[in-house]
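What follows is a single structure, written as structure tokens, with notes after it.
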Amino acid sequence: MNIIFIAPPAAGKGTLSDKLVSKYDYKHLSTGDLLRAEIKKKSDLGKRIDKIISKGELVSDEIITELLKNELQKIKKEKFILDGYPRNITQAKTLSKLFAELEISDYVAIYLDIKEELAMKRALGRIICSKCGASYNTYFENFMPRKEGICDKCGSELQHRVDDTEETFKKRFITYIEVTSPVLDYYKEMNKLQIIDANYESDDVFKVVEQILDDGNVDNK
Ligand code: AMP
């Protein structure tokens, strides 16, 4: 079953996606990662995207949908996790059309419900490998790198994301509430929504995700 993660910033989408990729061979499609890769290229588009992300605002539907469409077409019949899209109702409707064109019908939208204070702590402590994208957290013992500032996996330097400041996090959280959360009703009406309480350690939340994949249902709320 394909998965769409819908969640406020720093709710654990990336960590859960990594676990799904290593255990079940999912393809991880993160729109945030696609945008950050574009920024790294230092193209004109990348520079425009950089300014938007640094302010904690959403990139235009046109830009992000074009990037995503290319990636979805490449995936073909592989199982995938969509992390970071849809971020608003327009994107949700566009995604339904894309799925229809690509004949994708086996999917679940998983909402990771998390308290704002915990999500903020995760965001402010988050450090990412500049090379392989592995994620660590200086505020949670289980998620600290073995050597300070260095990636366990590839030895590269760890950095904070430009949008993981307190001010930008708060803005992103409000955007989530106002613009993204209506997407939950869209999937609820389609009978595709599952809700997970994500205020726990990622291993425990992962078990609930696995339960959804096994039974197609969950009841931890
Ligand atoms: P994320 O890595 O999912 O936290 O995304 C980081 C940033 O990328 C967001 O704060 C947005 O600025 C931008 N972004 C990611 N996905 C989307 C999307 N579907 N629509 C618009 N902007 C997005």
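Read the numbers this way: they start at 1 and go in the same order the structure lists the ligands and their atoms. The chain is numbered in sequence order, starting from 1.
- Numbered from 1 in the order shown, with element, the atoms of ligand 1 that lie under 4.0 Å from a heavy atom of D163 read 6 (C).
- Using modelled atom types, no side-chain atom of S43 and backbone atom of I39 make a donor-acceptor pair closer than 3.5 Å.
- Of all atoms in ligand 1, numbered sequentially from 1 with element shown, those under 4.0 Å from a heavy atom of T31 are 15 (C), 16 (N), 17 (C), 19 (N).
- Looking at S30 and Y85, their side chains never bring a donor and an acceptor atom within 3.5 Å of each other.
- The backbone N or O of I196 lies less than 3.5 Å from no partner atom in the side chain of D113, so there is not a single donor-acceptor pair.
- Distance check: K13 NZ to I3 CD1 gives 13.5 Å after rounding to the nearest 0.5 Å.
- The option from Q91, E57, K171, R161 that lies nearest to atom 12 (O) of ligand 1, judged by heavy atoms, is E57.
- Contact atoms of ligand 1 toward K13: 3 (O) (distance under 4.0 Å to a heavy atom of the residue).
- When the options L35, I52, V59 are ranked by their closest heavy atom to atom 14 (N) of ligand 1, first place goes to L35.
- Relative to atom 17 (C) of ligand 1, the option among G84, G32, P86 with the closest non-hydrogen atom is G84.
- Atom numbering of ligand 1 starts at 1 in the shown order; those under 4.0 Å from a heavy atom of I64 are 18 (C), 19 (N), 20 (N).
- The pair E57-K51 does not count as a salt bridge, with every side-chain nitrogen at least 4.0 angstrom from each carboxylate oxygen.
- Ranked by closest heavy atom to atom 9 (C) of ligand 1, the top entry among R172, R87, K55, R36 is R87.
- For E210 and K23, the salt-bridge test passes: some basic side-chain N is under 4.0 Å from an acidic carboxylate O.
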